[in-house]
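Along the sequence shown, the residues carry numbers beginning at 1. Small disclaimer: the values here were computed from a predicted structure and weren't measured.
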Amino acid sequence: DVEEDPLEALKAPADLTDIPVNFSFKASRLEEDLIQLAVLARVPLRSLRFLDEDSRHRNLIHLVVVALDPDGKYVDGVARTIQLNLTDPAYAALLRQGLISRVNMKLPPGRYKVQVVVRESVEARMGSTHQLVQVP
């Protein structure tokens with residue numbers, strides 16, 4: 001099942017490297033015991049194949065971002081599907097800058113494993129990365 005692949009990848013013991021992916025984050029306090037963690041996921045698209053149809057460059061990108069507590073339990077997360085249906089100029093621009101997607105999660109202060117998984121639909125390749133994040 002297409003939707004389950006990125007979720008299965010979250011359970012992989014090591015990062016997947018078919019697609020390079022990285023992220024940065026910024027924490028901001030919403031309330032005394034609630035922090036918004038803004039995660040900026042970056043996917044360079046140069047390594048991906050696109051379908052060329054009707055003068056468009058097409059691919060479907062599935063992005064999953066989750067925060068797990070120190071016991072590996074799910075705390076918050078976002079799954080997003082990004083439909084790329086690009087003209088030549090938009091495709092050229094996206095190849096230069098890469099795909100950047102911002103995801104916001106609401107977390108209590110603490111330590112988390114933040115994991116980002118990306119799957120593209122043309123060749124069904126996946127990439128993932130994670131960082132340990134201390135939310136103040």
Side-chain angles (χ1 to χ4, degrees):
D1 180 318
V2 155
E3 289 303 309
E4 286 179 9
D5 282 355
L7 301 178
E8 283 302 309
L10 290 171
K11 298 176 189 151
D15 290 340
L16 303 171
T17 57
D18 267 4
I19 301 173
V21 57
N22 64 64
F23 69 92
S24 56
F25 57 88
K26 190 175 134 218
S28 50
R29 188 170 299 283
L30 295 173
E31 298 165 23
E32 188 177 323
D33 56 353
L34 197 61
I35 307 296
Q36 175 173 289
L37 191 68
V39 176
L40 213 55
R42 289 185 193 80
V43 183
L45 297 180
R46 290 189 184 284
S47 65
L48 302 190
R49 278 210 25 234
F50 282 73
L51 295 177
D52 293 323
E53 302 170 341
D54 308 325
S55 304
R56 297 283 183 146
H57 305 273
R58 301 177 197 264
N59 203 330
L60 191 64
I61 308 291
H62 300 279
L63 175 71
V64 177
V65 180
V66 297
L68 306 173
D69 73 10
D71 297 326
K73 290 192 179 67
Y74 173 91
V75 181
D76 196 7
V78 177
R80 180 175 291 166
T81 301
I82 303 160
Q83 177 79 52
L84 298 176
N85 187 18
L86 306 168
T87 60
D88 286 341
Y91 177 66
L94 211 53
L95 280 187
R96 275 196 307 278
Q97 71 184 30
L99 179 68
I100 300 171
S101 187
R102 179 183 162 137
V103 168
N104 292 323
M105 293 187 287
K106 292 180 171 66
L107 303 168
R111 250 176 98 76
Y112 297 94
K113 177 180 170 184
V114 175
Q115 205 163 356
V116 176
V117 179
V118 175
R119 179 184 186 277
E120 60 83 36
S121 299
V122 173
E123 297 178 307
R125 291 166 54 208
M126 297 198 343
S128 67
T129 189
H130 74 278
Q131 289 183 47
L132 295 177
V133 174
Q134 180 71 44
V135 175

Is it true that a side-chain atom of Arg58 and a backbone atom of Leu51 form a donor plus acceptor pair closer than 3.5 Å? no
Please check if the side chain of Arg125 supplies one atom and the backbone of Ile19 the other of a donor-acceptor pair under 3.5 Å. no
Mind checking whether [X] and [Y] sit in one hydrophobic cluster, side chains of I, L, V, M, F, W, Y counted as touching below 4.5 Å?
| X | Y | result |
| --- | --- | --- |
| Val75 | Val66 | no |
| Val39 | Val118 | yes |
| Val43 | Val65 | yes |

With a 3.5 Å cut-off and sequence neighbours excluded, list the donor-acceptor pairs that the side chains of residues 24-32 form with protein atoms.
{"unit_1": "Ser24", "atom_1": "OG", "unit_2": "Arg42", "atom_2": "NH1", "d": "3.4"}
{"unit_1": "Ser24", "atom_1": "OG", "unit_2": "Arg42", "atom_2": "NH2", "d": "3.4"}
{"unit_1": "Arg29", "atom_1": "NH1", "unit_2": "Glu32", "atom_2": "O", "d": "2.8"}

Nearest 0.5 Å please: distance from the [atom1] atom of [X] over to the [atom2] atom of [Y].
| X | Y | atom1 | atom2 | answer |
| --- | --- | --- | --- | --- |
| Lys113 | Asp71 | NZ | CG | 12.5 Å |
| Tyr112 | Asp76 | OH | CG | 9.0 Å |
| Arg119 | Leu16 | CZ | CG | 12.0 Å |

What are the two closest non-hydrogen atoms of [X] and [Y], and how far apart are they?
| X | Y | answer |
| --- | --- | --- |
| Leu63 | Ala41 | CD1-CB, 4.1 Å |
| Pro136 | Pro109 | O-CB, 3.3 Å |
| Asp15 | Ser128 | CB-O, 3.2 Å |
| Val122 | Glu120 | N-OE1, 2.9 Å |
| Gln115 | Leu10 | NE2-O, 3.3 Å |

For residues His62 and Leu60, determine if any side-chain heavy atom of one lies less than 4.5 Å from a side-chain heavy atom of the other. yes
Side chains of Tyr74 and Leu68: closer than 4.5 Å at any heavy-atom pair? yes
Going through the checks in order, is the side chain to side chain contact (heavy atoms under 4.5 Å, CB included) test met by Val21 and Phe23? CA-CA 7 Å; Val21 57; Phe23 69 92; over 6 Å; no
Can you list the steps and then say if Ile61 with Leu48 is a side chain to side chain contact (heavy atoms under 4.5 Å, CB included)? CA-CA 10 Å; Ile61 308 291; Leu48 302 190; 3.9 Å; yes
Ignoring hydrogens and angles, write down the donor-acceptor pairs under 3.5 Å from the side chains of residues 87-107, residues two or more places apart or on other chains.
{"unit_1": "Thr87", "atom_1": "OG1", "unit_2": "Ala90", "atom_2": "N", "d": "3.4"}
{"unit_1": "Asp88", "atom_1": "OD1", "unit_2": "His57", "atom_2": "NE2", "d": "2.6"}
{"unit_1": "Ser101", "atom_1": "OG", "unit_2": "Arg80", "atom_2": "NH1", "d": "2.8"}
{"unit_1": "Arg102", "atom_1": "NE", "unit_2": "Asn104", "atom_2": "OD1", "d": "3.2"}
{"unit_1": "Arg102", "atom_1": "NH2", "unit_2": "Asn104", "atom_2": "OD1", "d": "3.3"}

